[in-house]
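First up is the structure itself, then whatever we jot down about it.
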Amino acid sequence: MKQTLIASVLYITCFSCFTQNDSLVNRLEEVVIQADKKLSKHSVGYKVSTLSDSVIVRNTESFTSLLRFNSPLYLKEYGAGGTSSASFRGTSASNTAVIWNGININSINNGEAGFNSFTVSLFDNIDIRSGGGSLEYGSGAVGGTIHLNDNLQFTNTEQIKNQFVSSVGSFETYRGVYKFKLSNSKLAINAGVSYNQSENDYKFLNTDFKNTNGAYENYGFNVSAAYSLTKFSKLKFYGANYFGKRFFSGELPNPLTANEKYQDFSHRNLLIYTHEKSRLNHEAKLAFLTQEYRYFEDRTISTFNFGKSKRYLANYNVSYSFPKLKASITSYSEYESAFGKTDQIAERNRKQFSQSLIYNQKVNSFVSFDAKLRKDFNSDYDVPFTYALGVKVKRIRNLFFRANGSKNYRVPTYNDLFWPGQGNLDLIPETALQGEFGFGYKNNQILIDIGIFYIAAKDKIVWTPGGDPDRPSVWVPINLSEVNNKGLEMSLSFNKTFNKHTVTFNANYSYTVATNKATDKQLIFVPKHLLNSSLGYTYKRFSFFYQQLFNGKVYTTESNSNDFVIPYYFVANTGLDYKLLNLQNKQLTIGLKINNVFNKYYVVRPRRPMPNRNFNFNINYKF
């Protein structure tokens with residue numbers, strides 16, 4: 001496989017010297033077609049940050065690595081390449097919703113999203129919205145939402161664009177991505193395929209061991225298309241497929257005993273019809289999504305445990321605008337039927353109908369607000385009304401102020417209730433009230449955003465060791481009577497160009513105190529301090545970047561014992577890129593990235609050291 005990949009890189013690089021593509025010469029007007037317009041329309045009062053294509057290309061190791069170094073999220077990862085989950089502001093992973101082209105794709109069985117089961121390079125951009133006001137995507141996203149977007153474009157003349165990204169790195173790591181885009185005035189098509197492979201056998205610093213049984217391999221294939229039926233109506237399709245295999249590495253003090261294997265598959269299909277004319281807009285969606293995992297306790301035999309789920313979703317949205325009031329009202333109606341089962345849990349079907357109303361108004365040139373109301377009708381639980389309100393006051397001498405508040409509600413997942421030996425049938429749904437006040441400064445070069453938040457959760461569902469006295473030392477889900485999360489989030493962006501020099505700087509800092517009121521102790525796996533930053537410099541064809549991450553101390557026991565903590569750590573990456581070709585219709589860039597440049601020992605989960613210093617050589621070719 002490695003010989004094939006290297007040969008492909010050389011072939012495409014050489015072929016670029018002779019290929020011509022006149023369609024790229026014409027940079028005519030483009031019309032961007034979005035699958036999800038709710039984020040941009042209904043985020044008044046909330047902080048939304050975007051990870052652009054250039055940021056994504058510099059962090060192709062994994063989705064986990066991308067978010068860890070470029071967002072305020074805390075990532076929990078069972079060793080490099082292992083299962084991974086994310087959380088906002090001290091909330092649980094199931095309080096973080098992952099939205100794919102407007103559809104919530106968190107797992108039916110555990111309510112979470114596995115962040116190493118996404119091929120990050122296949123998405124055009126990624127948006128991150130903090131706070132619990134995402135009621136149009138479900139009522140359980142107390143912490144925030146992560147949006148994976150595929151952008152389609154109509155162009156006046158036919159255009160064809162290609163992109164090939166390939167990399168070779170330490171620990172026999174090979175990656176390749178090919179993306180294709182075709183567009184004209186009636187049709188737009190995007191397609192992408194990816195491959196990732198690594199032996200992942202890095203040395204455990206300060207020991208005689210390697211990361212035994214840590215290899216992984218995965219494939220991804222995405223396709224999307226839009227067709228203009230009339231001047232006012234469009235038909236769009238989005239598809240995403242993922243096939244992954246990974247081995248679970250061992251823990252210290254004896255990692256050589258590791259012998260587990262894990263496979264996961266997912267298929268997502270989404271069909272959208274839109275009709276936009278004057279004040280009245282309609283949108284209808286149909287979606288079918290499946291997920292499956294297989295767990296092999298012994299990788300040498302064919303026996304495995306499994307989990308499967310499938311979801312059918314129908315969604316109808318209608319909005320009406322009031323130009324004189326600078327206002328709009330939108331209705332979101334959605335029906336979902338979800339099936340989930342494992343080899344130890346019989347198939348169960350949960351049905352839900354939800355109705356949301358959103359009123360948006362721009363009061364004047366400075367003040368705007370969003371008011372949201374949602375009601376769910378769930379086949380298993382009686383779900384109360386949830387609501388959210390966001391307000392923004394902007395551009396007063398480049399200053400802006402924002403505020404938001406919401407009520408959220410999350411029902412237990414299948415695993416919470418029924419997992420053999422660990423599930424808890426006595427669980428009740430969790431509710432949360434939260435508020436945030438933020439302010440900042442923005443001009444053409446600087447963006448500063450500071451937010452203070454408070455979350456009061458009741459009956460919060462958490463998995464904890466020894467939570468049930470009848471099952472000592474067993475991880476079980478329980479309801480905590482009250483949990484309070486409070487803290488501060490800060491972000492800074494700077495961009496300056498002078499002559500042929502460009503300097504960029506980005507930073508995110510979060511301070512989070514998440515306490516169980518019954519014990520007045522910090523929740524486990526919630527760092528109080530989290531800081532990441534990146535510095536970029538570009539001159540002519542050269543570009544340089546440096547990334548720094550500080551992760552504060554993390555408690556792993558309910559008693560907050562200092563004998564069982566994950567110590568704080570600093571980790572840094574750096575890289576250098578050079579454009580060999582920089583023509584209008586061809587750009588060829590080569591780059592070198594050094595991860596963990598100072599060769600620091602650190603762990604994200606107990607007894608699972610992360611990679612030492614490692615290198616990655618990459619090629620990015622657009623034609």
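Note that the coordinates shown come from a computational prediction; the quantities given were computed from them, not determined experimentally. These numbers come from the heavy atoms of this one structure, side chains and all, not from hydrogens, waters or symmetry mates. Residue numbers start at 1 and run along the sequence shown.
Ion pair Lys593/Glu61 flagged as a salt bridge, since at least one NZ, NE, NH1 or NH2 atom sits closer than 4.0 Å to an Asp/Glu carboxylate oxygen. Salt bridge Glu489/Lys47: present, at least one basic N to carboxylate O contact under 4.0 Å.
A donor-acceptor pair under 3.5 Å links the side-chain atoms of Lys203 to the main chain of Thr207, judged by distance alone. Listed for the Asn95 side chain is a donor-acceptor partner under 3.5 Å among the backbone atoms of Gly140. At distances below 3.5 Å, not a single donor-acceptor pair connects side-chain atoms of Asn305 with backbone N or O atoms of Asp343.
No more than 12 heavy atoms of other residues, nucleotides or ligands shown are found within 6.0 angstrom of CD on Glu297. Heavy atoms from other residues, nucleotides or ligands lying under 6.0 Å from NZ of Lys442 number 12 at most.
Taking the six-membered ring for Trp and the full ring otherwise, the centers of His267 and Phe243 sit less than 6.0 Å from each other. For His529 and Phe550, the gap between ring centers reaches or exceeds 6.0 Å. Taking the six-membered ring wherever Trp is involved, the centroid distance between the rings of Tyr295 and Phe304 does not fall below 6.0 Å. The six-membered or imidazole ring of Tyr509 lies away from that of Tyr511, with a centre-to-centre distance of 6.0 Å or more.
Inter-residue side-chain proximity for Arg68 and Leu73 is flagged as unmet; no heavy-atom pair is nearer than 4.5 Å. Side-chain atoms of Asp124 and Asn149, non-hydrogen and from C-beta on, never get closer than 4.5 Å to each other. When side chains are defined from C-beta on, Leu289 counts as touching Ile105, because their heavy atoms get closer than 4.5 Å. Looking only at side-chain heavy atoms (C-beta outward), Phe570 and Tyr602 stay at 4.5 Å or farther from each other. Side-chain contact between Gln153 and Asn151 is absent, with no heavy atoms from C-beta onward closer than 4.5 Å. Between Leu51 and Leu67 the shortest side-chain heavy-atom distance falls below 4.5 Å.
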Notebook entry, point to check: Between Tyr621 and Phe623, does a ring pair (Phe, Tyr, Trp, His ring centres under 6.0 Å) hold up when you go through it step by step?
Noted result: CA-CA 7 Å; Tyr621 177 45; Phe623 58 99; 4.5 Å; yes
**Request:** Quick one: do Phe115 and Phe63 satisfy ring pair (Phe, Tyr, Trp, His ring centres under 6.0 Å)? Show the steps, please.
**Result:** CA-CA 6 Å; Phe115 283 83; Phe63 199 1; 5.4 Å; yes
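In this view, Phe180 and Ile160, Asn162, Tyr178, Leu182 satisfy the side-chain contact (heavy atoms from CB on, under 4.5 Å) rule, not counting sequence neighbours.
Each of Phe265, Tyr242, Tyr195 was scored for a ring-ring contact (aromatic ring centres under 6.0 Å, His included) with Tyr219, with one residue passing: Tyr195. Evaluated for a side-chain contact (heavy atoms from CB on, under 4.5 Å) with Arg58, the options Asp577, Asn573, Asn70, Leu66 yield exactly one hit, Asp577. Just one residue in the list Phe542, Tyr539, Phe544 forms a ring-ring contact (aromatic ring centres under 6.0 Å, His included) with Tyr578, and that residue is Phe542.
In the model, Ser87 has no side-chain atom that pairs as donor or acceptor with a side-chain atom of Thr96 under 3.5 Å.
In terms of heavy-atom proximity, Arg89 sits nearest to Asn485 at O-ND2, 2.9 Å.
Residue pairs meeting the salt bridge (Lys or Arg N to Asp or Glu O under 4.0 Å) criterion with at least one member in residues 540-561, sequence neighbours excluded, do not occur. Listed by first and then second residue, the ring-ring contact (aromatic ring centres under 6.0 Å, His included) pairs involving residues 76-98 amount to none (not counting sequence neighbours).
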